[in-house]
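Have a look at the structure below, then the notes.
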Amino acid sequence: MKINVDSIEDKWIRKWRESKIFEADPKPGKPKFFITVAYPYPNSPQHIGHGRTYTIADVYARYKRMCGFNVLFPMGFHYTGTPIVAMVKRLKGGDRELRKLFVEVYGIPESVVDGFDEPVKVARYFHEEIKRGMEEMGYSIDWRREFTTIDPQYSRFIEWQFLKLRERGYVKQGSHPVGWCPSCSGPVGQHDTQGDVEPEIGTFTLLYFKLSDGTILPAATLRPETVFGAVNLWVNSSGEYVKAKVDGEYWIVSVKALEKLRLQNRSVEACEVLRGSDIVGLTALNPATGMAIPILPADFVDPTHGTGIVMSVPAHAPYDYVALMEVKAKGVDGVEQRVIDAIDIKPVIRVEGYSDIPARDVVEKYRVMDQRDPKLEDATQDVYRAEYHRGFMRDDIPIYGGLPVSEARVRISDDLRSRGLASYIYDIMNHPVYCRCGALCMVKILEDQWFIDYGDPEWKRVVHKLIDSMSIKPEVLKAEFHNVVDWLREKACARRIGLGTRLPWNPDWIIESLSDSTIYMVYYLISKYVNLYGIKPDCMKPEFFDYVILGRGDVDSVSKSTGIPRDILESIRIEIEYFYPLDSRHSGRDLVSNHLAFFLFNHVAIFDERMWPRQIVVNGSVMMEGKKMSKSLGNIIPLRSAIKEYGADALRLSLLSAASLLQDVDFKHSIALSFKAWLERFIKDAEELKSAAELDSVMDRLRVIDRWILSRLQARIDEARRALEELEVRDAVQSVIYGLDDDISWYKLRVSVDGGLDDVAKAVLKSLWKVRALLLAPLAPFTAEEVWSILGGGGMASTQIYPSPSPSLRDIVVEACEDMLRSLLSDSREILKLMKKPASRICYYLSSPYKWRVASYAAEMFKLGSIDVRGLIDKCRVDPELKGYMDRISRLASEIVREAMRLGRVKVELYSRINLDVLRRYLEDAKPFLERELKCRVEIYVEGEGDVYDPTGRASRSIPWRPAIYVE
RNA sequence: GCGGGGGUAGCCAAGCCUGGUCUAAGGCGCAGGGCUCAGAACCCUGUGGGGUAGCCCUUCGUGGGUUCAAAUCCCACCCCCCGCACCA
């Protein structure tokens with residue numbers, strides 16, 4: 001029979017939808033479980049990496065539902081933000097790369113791409129695409145609550161949230177440096193740059209070197225402490241410079257630098273255009289030492305970086321050292337050689353392992369050829385790092401002598417600034433970074449920027465308290481959350497462009513995406529009513545949210561002022577009281593330091609303690625055949641194509657089983673295929689077991705091995721439950737699939753006669769298949785439903801109660817005997833393997849009763865604590881029944897102790913349940929099986945009884961946990 | 001730099017918190033066998049080395065230490081990955 005995965009999936013998607021089993025409404029008295037995953041941003045189809053988080057959440061939702069909870073698992077779509085806007089702009093600008101991505105990688109028809117002329121159209125398209133993927137994956141979502149973050153009703157909600165934050169004093173206004181494109185006049189993030197580089201903003205100290213007429217030559221540096229060793233200045237002689245009036249003083253900087261100063265809100269007025277060569281040869285005063293130093297040309301100076309004026313510290317900066325050596329050797333046009341010769345290298349910092357001039361050390365070490373040599377970067381890194389961590393200011397440096405460099409740096413910069421000899425400037429650390437439009441990125445200081453003040457210490461304190469009291473899975477992340485909360489500072493919460501909600505008190509600003517997604521989980525409880533009754537945005541005034549979310553105000557007056565009928569208001573209020581707080585929040589690990597942290601802050605700010613979230617679950621990402629998924633590698637597999645290729649269940653299992661929660665999953669084609677095959681086989685087996693009898697009808701005919709497999713099943717159920725409870729989905733797959741497979745294949749080997757199964761075995765397997773279908777239902781729901789229905793389970797698997805271990809089917813003695821049988825078989829095989837000739841008969845010798853007595857003492861000792869030979873002998877000595885055996889016991893005791901150590905606590909505990917009679921009967925019973933497996937006659941004796949066939953005297957070697965073996 | 005995570009057999013990966021059940025789960029790959037006209041799939045067996053008796057030797061980044069006993073606990077070192085924001 002051929003299994004048609006597609007039609008099975010279609011069938012169950014339809015049945016689930018028609019039966020509305022995933023639509024959750026408040027049910028007083030029934031425990032609820034509210035679970036959400038971070039909603040998707042619809043700027044591309046989802047790939048299998050996105051699928052992991054949603055699948056884990058769905059497994060949890062399905063599991064909790066089967067545990068009797070009224071589970072609510074909703075979904076929305078996050079339209080807020082700039083990337084989609086930027087994409088449309090690029091498409092309109094004829095960006096071929098992006099078009100290619102859409103058409104060739106995502107498989108979107110050309111005509112559809114042509115229609116992408118507005119951000120919302122793009123969002124709607126991917127929204128539907130993503131939603132379909134979620135349905136196809138079998139996610140048990142209550143779709144009645146779906147919304148997007150640009151729905152006007154949602155905007156009312158976000159406005160309300162921001163009014164609350166502002167009321168509580170968490171919203172502030174201030175200035176803020178951002179990466180900026182002067183040509184687009186907009187902020188640039190990673191998405192906006194060539195090569196997706198994140199512009200890093202750094203603060204440079206601007207040191208004011210002055211010409212004799214007072215004109216300032218500001219040198220930008222990250223190492224202001226080295227100013228004491230600045231013995232000349234560098235400019236690029238062919239670079240464009242300007243003399244300009246900056247904040248009322250005359251400055252000379254590069255043309256680009258003037259633009260930066262303007263963006264950073266200095267008053268700037270250019271006066272005169274210069275070339276670098278125009279200022280070469282002039283003399284400037286060092287602001288720290290007062291020394292007159294010459295201005296010299298250097299090719300390495302990049303006029304677009306910093307100010308285009310570079311202070312030269314040849315003792316500690318390899319670039320400066322090399323450049324100085326060059327000018328000393330070659331001379332400079334228009335500068336007297338005497339001036340150049342007079343330049344002395346001045347050391348400022350001493351650091352162990354380096355000479356007085358560390359820059360020279362590394363230049364020699366790296367064999368740097370000239371100032372264009374790329375090795376200078378590494379050389380520079382070396383010196384900087386060593387000096388920063390291990391360096392001290394030399395004792396001849398006034399005031400700061402003896403200070404560690406890291407401390408001196410801050411103090412010197414502060415002191416010079418307070419004396420008006422320096423200031424600071426922001427610049428791009430990883431310069432140069434280019435905007436997609438091609439322009440060089442700079443730093444702009446935005447004035448009047450709105451912030452949420454996550455730096456507020458009191459607010460942080462409360463968030464710490466929440467983190468301590470909630471569950472975070474995996475638990476190791478708790479420390480990370482605490483750290484993140486400690487780091488967080490003001491967060492810019494609004495921008496000028498992009499989709500989203502406008503700040504209610506200042507509509508020029510649009511609330512950015514990480515700030516409008518912090519408490520929206522509660523909105524799912526409202527959106528159901530918005531969708532159901534078409535509540536108008538205008539009705540959703542602050543008092544509406546105050547009432548339904550916080551329980552403030554009076555229903556009648558709220559109803560009157562909003563025009564929303566009283567019963568609807570009350571229903572929403574009841575819904576929120578019932579489902580809130582959120583029981584589990586799921587996301588990938590990349591959201592820990594932003595979204596998830598903000599989620600906690602905002603809940604604490606807006607809700608009462610009893611409505612704070614209960615749990616966060618974080619998972620790692622997905623790799624593709626060992627490599628990171630990326631557009632450039634072209635190894636992104638869209639979720640929906642993967643579903644087509646492997647089927648939803650096989651894909652789910654692949655994503656669930658390949659790694660523990662926080663670890664990155666390595667997705668492999670071969671693994672997905674083997675799950676696919678496994679699932680098909682599971683269904684085929686069910687078809688074959690369909691006609692078997694029910695377990696109840698064969699209960700009185702069960703053999704030990706039947707009892708064994710049923711007992712194992714109970715253990716697997718227990719493992720699966722435990723694993724799912726802790727969201728160790730990997731372990732759940734392990735137990736339900738591989739673990740049970742192991743048990744079943746052993747069982748089949750034991751019960752099959754001539755390769756076939758009798759009707760008892762079939763009945764046992766049928767019952768096992770039914771239980772297994774339910775065990776599998778959260779993990780691979782389509783297959784589970786299919787098998788459950790094939791075997792006539794009744795109702796849907798998704799709504800059954802998750803199996804619990806049944807104590808009456810657990811049989812530890814049988815498990816112990818079977819375990820011993822297996823090790824006996826494997827020991828026998830090992831012996832047989834080493835024998836050259838085939839064996840004709842194999843004899844097992846069980847220990848005589850007195851040995852069992854000694855073993856039971858040993859097990860007891862082990863259970864209570866440690867085990868030792870002397871102690872064991874002492875115990876035996878006082879036992880009158882062992883009186884006659886003391887001569888043999890000393891050797892036996894040491895053997896037993898050794899074996900106990902080898903077996904370990906768990907096995908010894910297990911074996912202690914067995915006694916001689918039970919084991920003898922058990923092995924006698926299994927004799928035909930052993931003979932079949934070992935292909936020779938098997939005989940079982942008890943040491944010390946009459947007619948024991950024992951030509952080599954092996955019987956005496958037996959101990960109770962390990963019968964002796966003789967092979968002939 | 002600060003903070004977090006990690007280095008386990010051919011590969012991926014569990015175990016580590018709570019030391020002994022650890023030559024170390026499971027999967028993939030590989031090899032042999034079965035099935036088959038053949039192949040794919042599937043099913044068995046093996047997969048550090050040695051061994052004519054169930055065993056011995058070696059192994060969990062490196063080096064020390066604690067312990068009767070260490071992949072697991074402690075110390076030092078080396079290496080790798082991620083986050084540090086205005087961006088979803």
Side-chain angles (χ1 to χ4, degrees), chain A residues 38 40-41 43 78 80-84 176 178-179 187-192 198 200 385 388-389 406 446 449 451-452 454 475-477 479-484 486-495 498 512-515 517 589-595 597-598 620-621 623 625-626 628 657-660 662-666 668 670-671 673-675 677-678 680-681 728 730-731 733-734 737-739 741-742 745 748-749 823-824 826-837 862 866-868 900-910 952 954 957 962-967:
Chain A
Y41 184 67
N43 72 333
H78 199 194
T80 314
T82 53
I84 293 177
H176 183 61
V178 294
V188 282
Q190 195 173 340
H191 292 288
D192 313 308
E198 174 83 39
E200 293 168 38
R385 202 166 296 157
Y388 182 73
H389 293 292
S406 51
L446 291 176
Q449 172 68 50
F451 296 97
I452 297 177
Y454 294 122
E475 186 132 17
V476 283
L477 281 180
E480 193 164 331
F481 269 98
H482 279 301
N483 285 323
V484 167
D486 283 336
W487 300 333
L488 286 173
R489 313 184 299 268
E490 300 91 349
K491 151 92 187 153
C493 63
R495 353 171 86 213
E512 63 81 46
S513 59
L514 285 173
S515 302
S517 57
R589 52 165 339 168
D590 50 335
L591 298 188
V592 169
S593 62
N594 44 66
H595 165 72
F598 302 155
S621 58
M623 315 250 285
E625 303 284 350
K628 207 170 184 148
S657 71
S660 56
L662 200 57
Q663 213 76 36
D664 289 349
V665 154
D666 188 14
K668 286 188 178 153
S670 58
I671 291 179
L673 280 183
S674 70
F675 274 121
W678 189 93
E680 286 175 10
R681 172 149 206 95
E728 285 298 346
R730 176 199 174 90
D731 295 343
V733 173
Q734 194 77 224
I737 293 191
Y738 302 121
D741 264 358
D742 260 12
S745 73
K748 283 184 171 169
L749 194 67
S823 47
L824 202 56
S826 113
D827 284 350
S828 306
R829 282 210 172 105
E830 194 167 347
I831 295 167
L832 289 175
K833 199 175 79 187
L834 291 171
M835 299 215 345
K836 288 228 169 89
K837 283 183 284 186
F862 207 20
S866 69
I867 180 169
D868 68 282
M901 294 292 205
R902 213 179 62 83
L903 291 170
R905 231 172 259 280
V906 174
K907 279 237 158 128
V908 169
E909 161 75 16
L910 186 65
T952 56
R954 303 200 72 88
R957 295 206 199 176
R962 192 178 214 210
I965 302 172
Y966 168 68
V967 179

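The shown structure was predicted, so the numbers you read here are calculated from the model rather than taken from an experiment. Order of the sequence lines sets the chain letters (A, B, ...), proteins ahead of strands, with each chain counted from 1.
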(message) Applying a 4.0 Å non-hydrogen cut-off, can you work out what Tyr388(A) is touching in the nucleic acid: base, sugar-phosphate, or nothing?
(response) nothing
(message) Students often get this wrong, so: under 4.0 angstrom with heavy atoms, is Ser657(A) touching a base, only sugar-phosphate, or nothing?
(response) nothing
Interatomic distance where [atom1] belongs to [X] and [atom2] belongs to [N] [whole Å]:
X: Leu488(A); N: rC86(B); atom1: CG; atom2: C1'; result: 12 Å
X: Asp666(A); N: rA14(B); atom1: CG; atom2: P; result: 12 Å
X: Ile965(A); N: rC55(B); atom1: CD1; atom2: C1'; result: 12 Å
X: Ile84(A); N: rA88(B); atom1: CD1; atom2: P; result: 10 Å
X: Leu477(A); N: rG5(B); atom1: CG; atom2: C1'; result: 9 Å
X: Phe451(A); N: rA85(B); atom1: CZ; atom2: C1'; result: 11 Å

(message) Let me spell it out: for each of Arg681(A) and Arg957(A), pick the nucleotide of RNA chain B with the closest heavy atom. Which residue's pick is nearer the 5' end?
(response) Arg681(A)
(message) If you assign Ala494(A) and Glu728(A) each to the RNA chain B nucleotide with the nearest heavy atom, which residue ends up on the more 5' nucleotide?
(response) Glu728(A)
(request) Treat a base pair as Watson-Crick or G-U wobble with both distances under 3.5 Å, then lay out RNA chain B in dot-bracket form, 5' to 3', with | for cross-strand pairs. (result) ((((((((.[[[..)....(.....]]]((((((.......))))))(((....)))...[[[[[..)....]]]]])))))))....
(message) When you measure only distances, ignoring hydrogens and angles, does the side chain of Asn483(A) come within 3.5 Å of the base of rG3(B) through a donor and an acceptor?
(response) no
Where do N or O atoms of nucleotides 79-84 of chain B meet protein N or O atoms at under 3.5 Å, pair by pair?
residue	atom	partner	partner atom	Å
rG83(B)	O2'	Ser593(A)	OG	3.1

If I pick the [atom1] atom on [M] and the same atom on [N], what distance separates them, to the nearest angstrom?
N: rU8(B); M: rU59(B); atom1: C1'; value: 10 Å
N: rG49(B); M: rA25(B); atom1: P; value: 15 Å
N: rA88(B); M: rC73(B); atom1: P; value: 42 Å

(request) Please list, chain by chain and in numerical order, all residues satisfying salt bridge (Lys or Arg N to Asp or Glu O under 4.0 Å) with Glu480(A), sequence neighbours excluded. (result) Arg589(A)
According to side-chain contact (heavy atoms from CB on, under 4.5 Å), who are the partners of [X], at least two apart in sequence or on a separate chain?
X: Gln734(A); value: Tyr738(A)
X: Ser828(A); value: Ile842(A), Tyr844(A), Leu934(A), Ile965(A)
X: Asp741(A); value: Trp678(A), Ile737(A), Arg772(A)
X: Pro187(A); value: Val178(A), Trp180(A), Arg495(A)

Partners of [X] by side-chain hydrogen bond (donor to acceptor under 3.5 Å, both in side chains), sequence neighbours excluded?
X: Tyr388(A); answer: none
X: Ser657(A); answer: none
X: Thr80(A); answer: Thr149(A), Asp516(A)
X: His176(A); answer: none

Taking the side chain of [X] as heavy atoms from C-beta outward, which of [options] is closest to it?
X: Tyr966(A); options: rG54(B), rA53(B), rA88(B); answer: rA53(B)
X: Arg954(A); options: rA53(B), rA85(B), rC44(B); answer: rA53(B)
X: Lys491(A); options: rC86(B), rA41(B), rG54(B); answer: rC86(B)

(message) Does the protein touch nucleotides 22-36 of chain B at the base, only the backbone, or not at all? Give it as B, S and - per nucleotide, heavy atoms under 4.0 Å.
(response) ---BSSS--------
